[in-house]
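Worksheet: the structure to be examined is printed underneath.
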Amino acid sequence: MLPIYRSLSSIQGTRKESLNQLSRCLSLLPYHGGPTPQITLKPPRGSDKLIPKIGKVVTASRVARHFSIMGTLQDKAESRAKKQQMDMFKEQLKKMLEGPLYSMSSWSAELDEAMSSWKMMVPGAKSQPEVQKMIAFKDIIAKMTPGQKSDPERLLKNETAIGKLAVDSGKSAEDVRSMIMRFQSLVMFQKFVRERKAAGRRLPKNVDDMQELLKVDMQKDMIAKQRKRNRRF
């Protein structure tokens, strides 16, 4: 089985460009496209009342207590956000390992599932940037032809087709490119984790760990290729 990073051969140039391509793919975190979109946590209601009112005597102890309480609230919010991200990553990793290989149709079904999730009922959830992306991706996929769905890589190279799809879906050409890149990153990550599992190698624990493992594997492949070329001379 070919290494995962070779799947990017058609959209990368030099080795330096391939690392830049990897960084762009990693910025489109794939698990955000899964059934549980990330929702930004806001400070608890009423936390603003903890701020000392103007006119009161603000002593050093009152200020210290205020910042202590606010620090605790912030720590709890950050802890909840971190746990949410970890849960989302584990959920997406399980789907990549145990579910069918990604296709544009299966990903569209995932987006439908995500948009019907109870989390979308949370006030303000649908206004989140990540959710807005999901809605845009759904609209674009709905206007794609069967041929475009089966070969999105070819579509990415056709500016005319991208422009027409953007008009048909009511989105921008950049939205169309972003959607295709997101799908390609999902396919890439799925192949990567499946190959590691098949080889009995350690699976990534989180997004940062996955990024590091991918970079290490790419660097090892580059070194191996360089040594092979050197032996020819």
Side-chain angles (χ1 to χ4, degrees), residues 1-35 37 92-93 95-115 129-196 198 207 210-211 213-215 217-219 221-222 225:
M1 184 177 292
L2 292 175
I4 175 60
Y5 28 82
R6 293 186 185 178
S7 65
L8 291 174
S9 59
S10 60
I11 54 173
Q12 66 184 19
T14 64
R15 290 187 177 122
K16 182 177 180 181
E17 290 172 345
S18 71
L19 287 173
N20 293 334
Q21 177 65 48
L22 172 62
S23 297
R24 287 193 293 271
C25 284
L26 287 169
S27 69
L28 300 174
L29 302 181
Y31 60 92
H32 284 190
Q92 192 68 36
L93 182 62
K95 185 183 296 292
M96 288 181 172
L97 291 171
E98 301 176 1
L101 293 176
Y102 272 112
S103 67
M104 194 64 74
S105 296
S106 65
W107 185 39
S108 178
E110 274 195 14
L111 293 175
D112 288 335
E113 180 183 352
M115 295 309 299
E130 183 62 28
V131 177
Q132 288 296 309
K133 284 184 181 180
M134 291 168 56
I135 295 174
F137 291 168
K138 272 174 49 64
D139 293 342
I140 294 170
I141 295 173
K143 296 297 183 178
M144 292 175 71
T145 66
Q148 290 172 337
K149 290 180 179 179
S150 63
D151 193 359
E153 187 173 317
R154 182 177 180 182
L155 172 62
L156 189 62
K157 300 175 182 178
N158 190 330
E159 290 297 326
T160 301
I162 286 178
K164 184 177 185 306
L165 183 56
V167 172
D168 292 343
S169 61
K171 308 300 176 184
S172 68
E174 186 57 35
D175 287 333
V176 176
R177 295 188 192 93
S178 178
M179 182 276 295
I180 297 173
M181 288 293 293
R182 175 70 66 91
F183 175 72
Q184 288 181 325
S185 71
L186 282 170
V187 173
M188 181 186 69
F189 284 126
Q190 184 177 44
K191 186 177 180 182
F192 172 70
V193 296
R194 287 195 174 201
E195 286 182 356
R196 291 192 70 87
V207 175
M210 178 177 282
Q211 178 177 359
L213 290 175
L214 273 167
K215 286 184 178 180
D217 281 3
M218 287 185 69
Q219 290 169 356
D221 181 67
M222 292 176 186
K225 288 181 178 179

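If you're wondering where the values come from, they're calculated on a predicted model, not measured in any experiment.
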Qualifying ring pair (Phe, Tyr, Trp, His ring centres under 6.0 Å) pairs, either residue in [range], two or more places apart:
| range | value |
| --- | --- |
| residues 156-179 | none |
| residues 156-176 | none |
| residues 138-163 | none |
| residues 160-180 | none |

Go through the side-chain N and O atoms of Asp175 and Ser172 and say whether any donor and acceptor fall under 3.5 Å apart.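 There is such a pair (donor and acceptor under 3.5 Å, judged by atom type) between the side chains of Asp175 and Ser172.
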With Glu159 via salt bridge (Lys or Arg N to Asp or Glu O under 4.0 Å) - residues at least two apart: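 With neighbours one apart ignored, the set is Arg177.
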Could you state the interatomic distance from [atom1] ([X]) to [atom2] ([Y]), rounded to the nearest 0.5 Å?
| X | Y | atom1 | atom2 | value |
| --- | --- | --- | --- | --- |
| Leu165 | Asn158 | CG | CG | 10.5 Å |
| Ile162 | Met179 | CD1 | CE | 9.0 Å |
| Glu153 | Leu155 | CD | CG | 10.5 Å |
| Leu186 | Met104 | CG | CE | 9.5 Å |
| Asp217 | Met222 | CG | CE | 11.0 Å |

Do you know which two heavy atoms are closest between [X] and [Y], and how far apart they sit?
| X | Y | value |
| --- | --- | --- |
| Met96 | Arg194 | O-NE, 2.7 Å |
| Gly147 | Ser150 | O-OG, 2.9 Å |
| Ala161 | Gln148 | CB-NE2, 4.1 Å |
| Ala166 | Ala173 | CB-N, 3.7 Å |

Identify all side-chain donor-acceptor contacts of residues 134-143 below 3.5 Å with residues at least two apart in sequence or on another chain.
unit_1, atom_1, unit_2, atom_2, d
Lys138, NZ, Asp112, OD1, 2.3
Asp139, OD2, Lys171, NZ, 3.4

What pairs with Leu213 under side-chain contact (heavy atoms from CB on, under 4.5 Å), at least two apart in sequence or on another chain?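 In terms of side-chain contact (heavy atoms from CB on, under 4.5 Å), with neighbours along the sequence ignored, Leu213 is linked to Phe192, Arg196, Arg202, Pro204, Asp209.
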Can you name the side-chain hydrogen bond (donor to acceptor under 3.5 Å, both in side chains) partners of [X], sequence neighbours left out?
| X | value |
| --- | --- |
| Lys164 | Asp168 |
| Ser106 | Ser103 |
| Asp151 | none |

The test is side-chain contact (heavy atoms from CB on, under 4.5 Å); show your working for Lys149 and Trp107 and say whether it passes. CA-CA 11 Å; Lys149 290 180 179 179; Trp107 185 39; over 6 Å; no
Trace of the side-chain contact (heavy atoms from CB on, under 4.5 Å) decision for Met188 with Gln184: CA-CA 6 Å; Met188 181 186 69; Gln184 288 181 325; over 6 Å; no
Less than 4.5 Å apart, any side-chain heavy atom of Leu156 and any of Met181?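 SC-SC contact between Leu156 and Met181 confirmed.
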Are the side chains of Phe189 and Leu214 in touch, meaning some heavy atoms are under 4.5 Å apart?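 When only atoms from C-beta onward are counted, Leu214 and Phe189 do touch, with a gap below 4.5 Å.
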Decide yes or no on side-chain contact (heavy atoms from CB on, under 4.5 Å) for Met218 and Lys215, but give the supporting numbers first. CA-CA 5 Å; Met218 287 185 69; Lys215 286 184 178 180; 5.7 Å; no
